[in-house]
Amino acid sequence: MKDHLIIFDTTMRDGEQSPGAAMTKAEKIRIAKALERLKVDVIEAGFPIASQGDFEAVQAVARLIKDSTVCGLSRTGDADIDRAHEALKDANSFRIHTFIATSPIHMQKKLRMEPDDVFEAAVRAVKRARNYTDNVEFSCEDSSRSDFEFLCRIVEATIDAGATTINLPDTVGYAVPEQYGDFISRIMANVPNSDKAVFSVHCHNDLGLAVGNSLSAVMHGARQVECTINGLGERAGNASLEEIVMAVRTRHDFFPCETRIDATEIMNCSRLVSTITGFPVQPNKAIVGANAFAHESGIHQDGVLKHRETYEIMRAEDVGLNSNRIVLGKLSGRNALRTRLKELGIEFSSEQDMNAAFKRFKDLADRKSEIYDEDLQALVSDAEVETAKEHIKLVSMRVHTETGETPQTHLTLSVDGNERAATSGGDGPVDAAYKAVEQIMGSGVQLQLYSVNAITTGTDSQGEVTVRLERGGRIVNGQGADTDILVASVKAYLNALNKILYPVHREHPQPAN
Ligand code: KIV
Ligand code: ZN
């Protein structure tokens with residue numbers, strides 16, 4: 001019998017700390033449902049004290065999810081722990097995750113606390129959380145740069161206080177695999193009561209080693225890995241869930257443990273998280289990148305055709321990649337759409353949302369004969385945007401481009417119900433369109449990122465555009481999809497502009513210590 005490796009997903013908490021990735025309650029609910037279908041053991045839904053919005057999102061996820069444990073993060077203060085409990089208390093199964101930094105640099109420069117005070121705060125926090133639940137996780141932030149003796153002392157004391165999971169994060173992505181694995185086993189060997197808790201790892205990817213470090217820790221006794229879909233996360237991101245899961249599964253001959261993940265849900269989760277956060281997946285990303293299962297070279301293709309295992313260690317179907325299966329078309333009705341969306345884990349809370357999605361589906365099917373799962377994901381996001389009552393909407397657009405001429409875009413926007421038009425030239429039609437929008441809105445935003453991605457293959461594919469806008473230090477991402485990439489570009493820009501000018505999204509998901 002192999003050990004169970006607990007998969008703890010923190011896409012909606014640590015992943016959300018990526019610039020512009022803050023999620024609304026509705027978006028968190030969609031991701032939580034997808035994670036439950038993926039069968040992750042623990043879903044860290046947010047940081048309840050960070051804002052009223054995050055409190056409500058965690059509470060909604062806690063009330064909805066039945067098959068995964070729902071977790072909320074808290075610092076060590078009483079108010080943080082009480083707030084986390086308040087958000088989580090209706091869950092079928094919940095965990096309070098409390099943390100404090102233990103490295104000299106964090107204690108001195110950030111917390112301005114003495115080690116003994118940090119020790120006391122940690123023990124007190126775990127005891128308080130234990131009053132609410134017997135499922136308590138304690139994390140030593142920046143553990144990989146902490147003093148070994150101090151770490152052993154605080155881990156032993158927090159286990160005595162009732163922590164059932166001890167997490168040893170590599171917060172700044174500083175560790176390297178051999179050393180980190182050795183570090184985990186030395187802590188476990190030196191802490192007398194280490195058998196009373198599950199040891200967990202949480203690695204950041206600053207040196208590109210997050211997955212390697214996590215797997216090394218698993219080989220040295222860690223039995224929980226904290227990770228995110230697509231490796232989303234602050235700076236270079238967190239360890240990627242799909243890479244950890246598929247490594248353990250593909251190399252079951254090597255790893256002494258297994259997960260309960262339903263890997264066929266991986267692609268669905270990956271697309272959903274990318275669409276919602278506006279973080280595209282790089283084509284050569286392991287497991288979920290567009291090229292992950294594409295064999296281009298003649299030698300490889302020949303080998304794969306003769307015998308798949310010559311070059312393939314996993315099958316695309318294993319991770320839920322159905323090689324662009326056509327799912328619906330122009331003649332498909334509302335029931336067919338509802339059924340396929342349900343299979344993708346998407347259910348609408350109101351008929352109004354379903355109607356908006358169906359209308360978009362019909363509009364798309366008029367322009368595109370074959371509709372794929374990827375199109376449906378984008379369409380649902382668009383429908384959510386529409387029902388979210390955006391203040392600024394695209395009414396119409398006319399673009400003129402000709403070789404050797406400056407492109408011109410004329411567009412009409414509806415701003416709180418009033419139509420306003422502008423015409424502008426630009427370096428290209430997208431530039432001209434964005435300049436026309438700014439003539440109308442004068443928002444003062446800075447465009448930080450613009451990227452276009454084909455949702456499926458073929459020239460009839462919808463283009464999915466992501467933009468990142470910044471204003472006064474606040475960053476938001478916007479997305480838009482359409483068969484016309486100029487329309488998709490304007491939709492994405494307006495989506496981001498609506499968020500930045502009329503914020504319902506949270507400013508930044510993590511409060512300062
Ligand atoms: O990276 C980190 O240390 C964290 C903790 C709060 C677990 O995200
Ligand atoms: Zn982290």
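We number each residue from 1, following the sequence as shown. Bear in mind the structure is a predicted one, so any value in this text is a computation, not a measurement. In listed order, ligands and their atoms are each counted from 1.
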Enquirer: Which of these, Arg13, Glu141, His106, has its nearest heavy atom closest to atom 6 (C) of ligand 1?
Expert: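 Considering heavy atoms of Arg13, Glu141, His106, the nearest to atom 6 (C) of ligand 1 sits in Arg13.
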Enquirer: Can you tell me how far the CZ atom of Phe8 sits from the NE2 atom of His202, to the nearest 0.5 Å?
Expert: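 Taking CZ in Phe8 and NE2 in His202, the distance rounds to 8.0 Å.
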Enquirer: Can you tell whether the side chains of Asp41 and Arg260 come within less than 4.0 Å, N to carboxylate O?
Expert: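 Counted as a salt bridge, because a side-chain N and a carboxylate O are separated by less than 4.0 Å.
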Enquirer: Please classify the Asp14 to ligand 1 contact at 4.0 Å (heavy-atom distances, strictly less than): side chain, backbone, both or neither.
Expert: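 Side chain only.
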Enquirer: Glu226 near ligand 1, heavy-atom distance under 4.0 Å?
Expert: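 Distance cut 4.0 Å: Glu226 fails for ligand 1.
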Enquirer: Just say parallel, tilted or perpendicular for the rings of Tyr434 and Tyr450, cut-offs at 30° and 60°.
Expert: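 Aromatic pair Tyr434/Tyr450 classed perpendicular.
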Enquirer: I'd like to know if Asp67 pairs up with Lys33 as an ion pair, taking the criterion as any Lys NZ or Arg NE/NH1/NH2 lying under 4.0 Å from an Asp or Glu carboxylate oxygen.
Expert: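 Judged by the 4.0 Å cut-off on N to carboxylate O distance, Asp67 and Lys33 do not form a salt bridge.
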Enquirer: With atoms numbered from 1 as shown, which atoms in ligand 1 lie under 4.0 angstrom from a non-hydrogen atom of Thr171?
Expert: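 In order of numbering, the contacting atoms are 1 (O), 2 (C), 3 (O).
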Enquirer: Is there a nitrogen or oxygen of Asn167 sitting under 3.5 Å from a nitrogen or oxygen of ligand 1?
Expert: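 For ligand 1, there is no N or O atom that lies under 3.5 Å from one belonging to Asn167.
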Enquirer: Give yes if a backbone or side-chain nitrogen or oxygen of His204 is under 3.5 Å from a nitrogen or oxygen of ligand 1, and no if not.
Expert: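 Yes, His204 has an N/O under 3.5 Å of an N/O on ligand 1.
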Enquirer: Any N/O/S atom from Glu234 (main chain or side chain) under 2.8 Å of the Zn ion (ligand 2)?
Expert: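 Within the cut-off used here (under 2.8 Å), Glu234 places no N, O or S atom near the Zn ion (ligand 2).
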Enquirer: Salt bridge (Lys or Arg N to Asp or Glu O under 4.0 Å) between Asp54 and Lys28: does it pass, once the steps are laid out?
Expert: CA-CA 9 Å; Asp54 214 22; Lys28 284 201 170 187; 2.7 Å; yes
Enquirer: Rounded to the nearest 0.5 Å, how far apart are CZ of Arg13 and OG1 of Thr228?
Expert: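 Here the rounded value is 10.5 Å.
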Enquirer: Tell me which N, O or S atom from His204 is the closest to the Zn ion (ligand 2).
Expert: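 Per the distance ranking, His204 contributes NE2 as its closest N/O/S atom to the Zn ion (ligand 2).
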Enquirer: What angle sits at the Zn ion (ligand 2) between NE2 of His202 and OD2 of Asp14, to 10°?
Expert: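 Approximately 90° at the metal, rounded to tens of degrees.
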Enquirer: Determine whether more than 12 heavy atoms belonging to other residues, nucleotides or ligands lie under 6.0 Å from atom CD1 of Ile105.
Expert: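 Check fails, neighbour count at 12 or below.
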